[in-house]
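See below for the structure under consideration.
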Amino acid sequence: MLINDEVQKQVLTILAKTAVTPTADVQQRASALLQLNPGQQVKAEIIANLPNNLYMARVAGELYKLEIPLNVQPGETLEMTFVTADPRITFQMQRPSSETVQLSSFGKWLSDVVRDAPALPPPQEPLVEHPEHAATELAGKLKAGLTQNGLFYESHLAQWAVGGLSVKELLKEPQGKLSPMLSEGDDTGEGDGAIADSRTLPLIKEQLHLLNTGILAWQGEAWPGQQMKLTIGEGDPEQWEQGVEANLSLELPRLGGVEARLRFTPDGVAVELTCANPGMADVLRENSGELRSSFAAKGLHLNKLAAKDG
């Protein structure tokens, strides 16, 4: 059967209590310095306590600022396992406790999923058929692509249970498309007592990754021949007020490569644009009025627009 609510709660509990991630301001430096393979064990020596559950620690011979959801003291050494460097460097702490013993078999299953499950394939179809449809159709198609890809299936099941979502909507998601086969006794689980259909393991891997990093990523074609990358997550409160941040990357026919960083707060939207081709930032600034009007038409206030050549 598919992963159930109780398993989800255990996943959330494990990740919430053991995920250790360097803060955003040291991510780039950490990526360049760390030479680790997924699953490799490392030691983190706590050097100093910082505010807001932050600690200065020495990992693999380098100093990093880590966010650790535990009360630890300078001088302590934590055993950790390197999980991933993409899109954020993430470690998993090893905690010898009764809770860890009780969930050890489940924890091993999670580790196997992260290590062995294949990655999700990219979307096969462009979001819209023609570039001229982008202004009217792209937002809705992108929303569907982000919310109907199976990553939020269990949450949607909860909405369906209270009448907030129809069965038709559930069946659009990958797990929903498998459910008629499962009801007919199609056993594709691996081994006795499997808690998930093996075909959903790439989705479970992505769900764990999303829980661990808090970053939702999408990559595919906006329209035929137009590649687009999008990441969405909580912004860094050390750099700006709390809100949602989205990073968008496009290769446009006339402007060339453009990277957009959008920060959404209750006061409005701040947009920072970086252009790969010289002179294109000036073009974007000259046409900023059109962008501001487009935002206003959607009920959004553009409170900052900056453009630069990269």
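We count residues from 1, following the sequence as given. All values reported here derive from a predicted model rather than from experimental measurement.
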Check for a donor-acceptor pair, side chain of Glu76 on one end and backbone N or O of Gln73 on the other, with a separation under 3.5 Å.
-> yes

Main-chain N/O of Ala307 paired to Arg285 side chain as donor or acceptor, under 3.5 Å = yes

Identify the heavy atoms of Ala48 and Pro74 that sit nearest to each other, and give their distance.
-> CA-CG, 4.1 Å

Do Leu170 and Leu157 have side-chain heavy atoms sitting under 4.5 Å apart?
-> yes

Under 4.5 Å between any side-chain heavy atoms of Thr274 and Val258, yes or no?
-> no

Which distance, rounded to the nearest 0.5 Å, do you find between the CD1 of Ile215 and the OG1 of Thr231?
-> 6.5 Å

Residue pair Ile47, Arg58: steps toward the side-chain contact (heavy atoms from CB on, under 4.5 Å) verdict | CA-CA 7 Å; Ile47 304 300; Arg58 182 178 288 108; 3.5 Å; yes

Rounded to the nearest 0.5 Å, how far apart are CD of Gln219 and CD of Gln227?
-> 6.5 Å

Got a donor-acceptor contact below 3.5 angstrom from the Arg292 side chain to the Leu302 backbone?
-> yes

In terms of heavy-atom contacts, does CH2 of Trp218 have more than 12 from other residues, nucleotides or ligands at under 6.0 Å?
-> yes

Drop me the distance from Leu120's CG to Glu206's CD, to the nearest 0.5 angstrom.
-> 4.5 Å

Polar contact flag, side-chain donor to acceptor under 3.5 angstrom, Gln207-Glu154 = yes

Gln226 side-chain N/O to Glu251 backbone N/O, donor-acceptor pair under 3.5 Å = yes

Hey, is the main chain of Tyr55 close enough, under 3.5 Å, to the side chain of Asn49 for a donor-acceptor pair?
-> no

Are any non-hydrogen side-chain atoms of Glu245 and Arg261 less than 4.5 angstrom apart?
-> yes

Is it true that the side chains of His156 and Glu169 contain a donor and an acceptor less than 3.5 Å apart?
-> no

For the residue pair Ser249 and Glu259, establish whether any side-chain heavy-atom pair is separated by less than 4.5 Å.
-> yes

If you measure from CD on Gln148 to NZ on Lys141, what distance do you get to the nearest 0.5 Å?
-> 11.0 Å

Check for a donor-acceptor pair, side chain of Gln175 on one end and backbone N or O of Glu173 on the other, with a separation under 3.5 Å.
-> no

Given side chains that start at C-beta, do those of Leu255 and Cys275 come closer than 4.5 Å, heavy atoms only?
-> no

Is there side-chain contact between Leu146 and Leu230, with at least one heavy-atom pair below 4.5 Å?
-> yes

Any Phe295 side-chain heavy atom under 4.5 Å of Asn303 side chain | no

Main-chain N/O of Ala57 paired with Glu45 side-chain donor or acceptor, under 3.5 Å = no

Would one find more than 12 heavy atoms of other residues, nucleotides or ligands at under 6.0 Å from atom CD of Glu125?
-> no

Check the surroundings of atom CD in Glu132: do more than 12 heavy atoms from other residues, nucleotides or ligands lie under 6.0 Å from it?
-> yes

Side-chain heavy atoms of Leu216 within contact of Leu151, under 4.5 Å | yes

Got a salt bridge between Lys304 and Glu272, using NZ or NE/NH1/NH2 to carboxylate O under 4.0 Å?
-> yes

Between the side chain of Asp309 and the main-chain N/O of Gly279, is any donor-acceptor distance below 3.5 Å?
-> yes

